[in-house]
*Asks:* 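I'd like to ask some things about the structure below.
Every number for a ligand or one of its atoms is a count from 1 in the order of the listing. Bear in mind the structure is a predicted one, so any value in this text is a computation, not a measurement.
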Amino acid sequence: MPAPAPEGHARPPSVDSLAKSLAASGLPHGLLVEAAREAIAAGDPAGASARAAAIERSLLQPVINATGVLLHTNLGRAPLGAVESAAVATPLRYSSLEFDTRRGVRGDRHAHAAGLLARLCGAEAALVVNNCAAAVTLVLGALAAGRGVAVSRGELVEIGGGFRVPEIVAQSGARLVEVGTTNRTRRQDYEAAVDSGDVALCLRVHQSNYRIVGFTEAPAVGELANLGVPLVVDIGSGLLDEACQWLAGGPPPWLRGEPAARQTLAAGADLVTFSGDKLLGGPQAGIIVGNADLVTRCARHPLARAFRAGGLVLETLQSLALTYLHRRGDDIPFWRMATRPVAELRSRAASIGVGEVRDMAATTGGGTLPGVEIPSAGIVLPGDRAGALRDHEVPVVARVAGQQTFLDLRTVDPADDGMVAAACRTSVAGGGA
Ligand SMILES: *Cc1c(COP(=O)(O)O)cnc(C)c1O
């Protein structure tokens, strides 16, 4: 029994009735009970709804990306939307993930999305795992465990979130054989490594998020194609084909120089690895494409079972691959965003009706194309409005520099412009800076 409330003070509400009063939040009762209990214990029952709101805010939720960084690692890298909806549209549905519907026997989860991705890259075979780090680890574990892997000293890179080439090589059970120098590595360096020791394969790693400029040299992929050991190229970013046939206007100028899976294989790579959620514009995944025997060796390695992609990812990738094969780049959210004309962004910015319309420079982000800018446009608000914009019902993530807040519209879905306008008006009306 609770003690009677002191004279003159309202008795605190019961935890249960306070929790019930928050039901409109839509959170499960158990979580609301926790919010109510904490609020009462803190002597602040009125604060229970703020605590419930904080729980809601801690959940995975949609956000509007107005940063102008297309592949924002904190915001899930490639935006999905249209390509994923087929995978989650029906509430109760099985799939033919590992079932051959024609013959009625066990099928292969690598037959669908992976087969289409292989076709898109002009490869014999493909395998899909959880991310590109897993793809590289699996390739090295399957093809080079206990043996040497030759890597140029200029490619011993770290790519966001702890993908460090020397550590990945060690983790896979292979031995790192460094070749060449930081700035210059030649075919002869790889040749000498292969001739002098037990080297299972040569690994090229795209520098991805930085550039070495000046007195530099690296052999073309084709120069390393006949060293007598497999050549594996980790291109990371996942551009399928330099020609970008899925874009009506062909490859945009800012893509120039980015390695693509199809051309890397055609030049002589035996295997190519890349991420699903960078320039491919899909879900988090790692893709291994290339020589069928080598892909099979990867698929048979025990790590393949641990790293394999799940049904939701494979369905989304299949839908994405079909969209590429249809050459409908406009239906792939990443490519649609990346190729909108600046004039269109300017006129959208003007229609927002708050702040000042300004030309901006968007970036691909996600550890791709360092220093490359995509012409863009958006709006500038006076002062630092980032917190107020994040407080909007659907949080709007903007960029602050020099006491101004920048909202780049290239990364905003036009359907969300109304919400961006509302968030901007509220943030400006809130005063402060
Ligand atoms: C991004 C990148 C990776 C890591 O990819 P994840 O899918 O994030 O694991 C590996 N290698 C290269 C060259 C990359 O650019």
*Asks:* Just to check, does Lys278 reach to within less than 4.0 Å of ligand 1 when the distance is taken from its heavy atoms?
*Replies:*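 In this structure, Lys278 qualifies as a contact of ligand 1 - some heavy atom is under 4.0 Å.
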*Asks:* Could you tell me the separation between the CG atom of Leu116 and the CG atom of Leu317, rounded to the nearest 0.5 Å?
*Replies:*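 Between Leu116 CG and Leu317 CG, I get 10.0 Å after rounding to 0.5 Å.
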*Asks:* Is the shortest heavy-atom distance from the side chain of Arg77 to the side chain of Lys278 under 4.5 Å?
*Replies:*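 The answer is yes, as the side chains (C-beta and beyond) meet within the 4.5 Å cut-off.
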*Asks:* Mind checking whether Ile159 contacts ligand 1 via backbone (N, CA, C, O), side chain (CB onward), both or neither, at a 4.0 Å heavy-atom cut-off?
*Replies:*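 Only the side chain of Ile159 comes within reach of ligand 1.
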*Asks:* Using modelled atom types and a 3.5 Å cut-off, is there a donor and acceptor pairing between side-chain atoms of Gln284 and backbone atoms of Asn130?
*Replies:* yes
*Asks:* Among protein heavy atoms, which sits nearest to atom 15 (O) of ligand 1, and what does the distance come to when rounded to 0.1 Å?
*Replies:*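 Checked against all protein heavy atoms, atom 15 (O) of ligand 1 sits closest to Ser208 OG, 2.6 Å.
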*Asks:* Specify side chain, backbone, both or neither for Arg77, according to which of its non-hydrogen atoms lie closer than 4.0 Å to ligand 1.
*Replies:* side chain
*Asks:* Going by distance only, is there an N or O of Ala133 that falls short of 3.5 Å from an N or O of ligand 1?
*Replies:* yes
*Asks:* Would you check if Thr67 and Asp408 make a side-chain contact, meaning some heavy-atom pair closer than 4.5 Å?
*Replies:* no
*Asks:* Please, which pairs that meet salt bridge (charged side-chain N to carboxylate O under 4.0 Å, His left out) have at least one residue in residues 241-267, sequence neighbours excluded?
*Replies:* Asp241-Arg262
*Asks:* So is Gln284 close enough to ligand 1, meaning a heavy atom under 4.0 angstrom away?
*Replies:* no
*Asks:* With a 3.5 Å cut-off and no angle check, do the side chains of Asp234 and Thr273 form a donor-acceptor pair?
*Replies:*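 Indeed, the side chains of Asp234 and Thr273 share at least one donor-acceptor pair under 3.5 Å.
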*Asks:* Relative to each other, are the rings of Trp246 and Tyr324 parallel, tilted or perpendicular (30° and 60° limits)?
*Replies:* perpendicular
*Asks:* Can you list the atoms of ligand 1 that are under 4.0 Å from a heavy atom of His206?
*Replies:* 13 (C)
*Asks:* Among pairs that include at least one residue of residues 170-195, which meet salt bridge (charged side-chain N to carboxylate O under 4.0 Å, His left out), considering only residues two or more places apart or in two chains?
*Replies:*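 Matches after skipping sequence neighbours: Arg153-Glu178, Arg184-Glu217, Arg186-Glu217, Arg187-Glu191.
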*Asks:* Could you find the nearest protein heavy atom to atom 7 (O) of ligand 1 and give me its residue, atom name and distance?
*Replies:* Ser275 OG, 2.6 Å
*Asks:* Going by the atom numbers of ligand 1, which of them fall below 4.0 Å from some non-hydrogen atom of Gly236?
*Replies:*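 The atoms of ligand 1 under 4.0 Å from a heavy atom of Gly236 are 12 (C), 13 (C), 14 (C), 15 (O).
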*Asks:* To the nearest 0.1 Å, how far is atom 4 (C) of ligand 1 from its closest protein heavy atom, and which atom is that?
*Replies:* Cys132 CB, 3.8 Å
*Asks:* If the cut-off is 4.0 Å to any non-hydrogen atom of Phe163, which atoms of ligand 1 fall inside it?
*Replies:* 10 (C), 11 (N)
*Asks:* Considering non-hydrogen atoms of the protein only, which is the closest contact for atom 11 (N) of ligand 1, and what is the distance?
*Replies:* Asp234 OD2, 2.5 Å
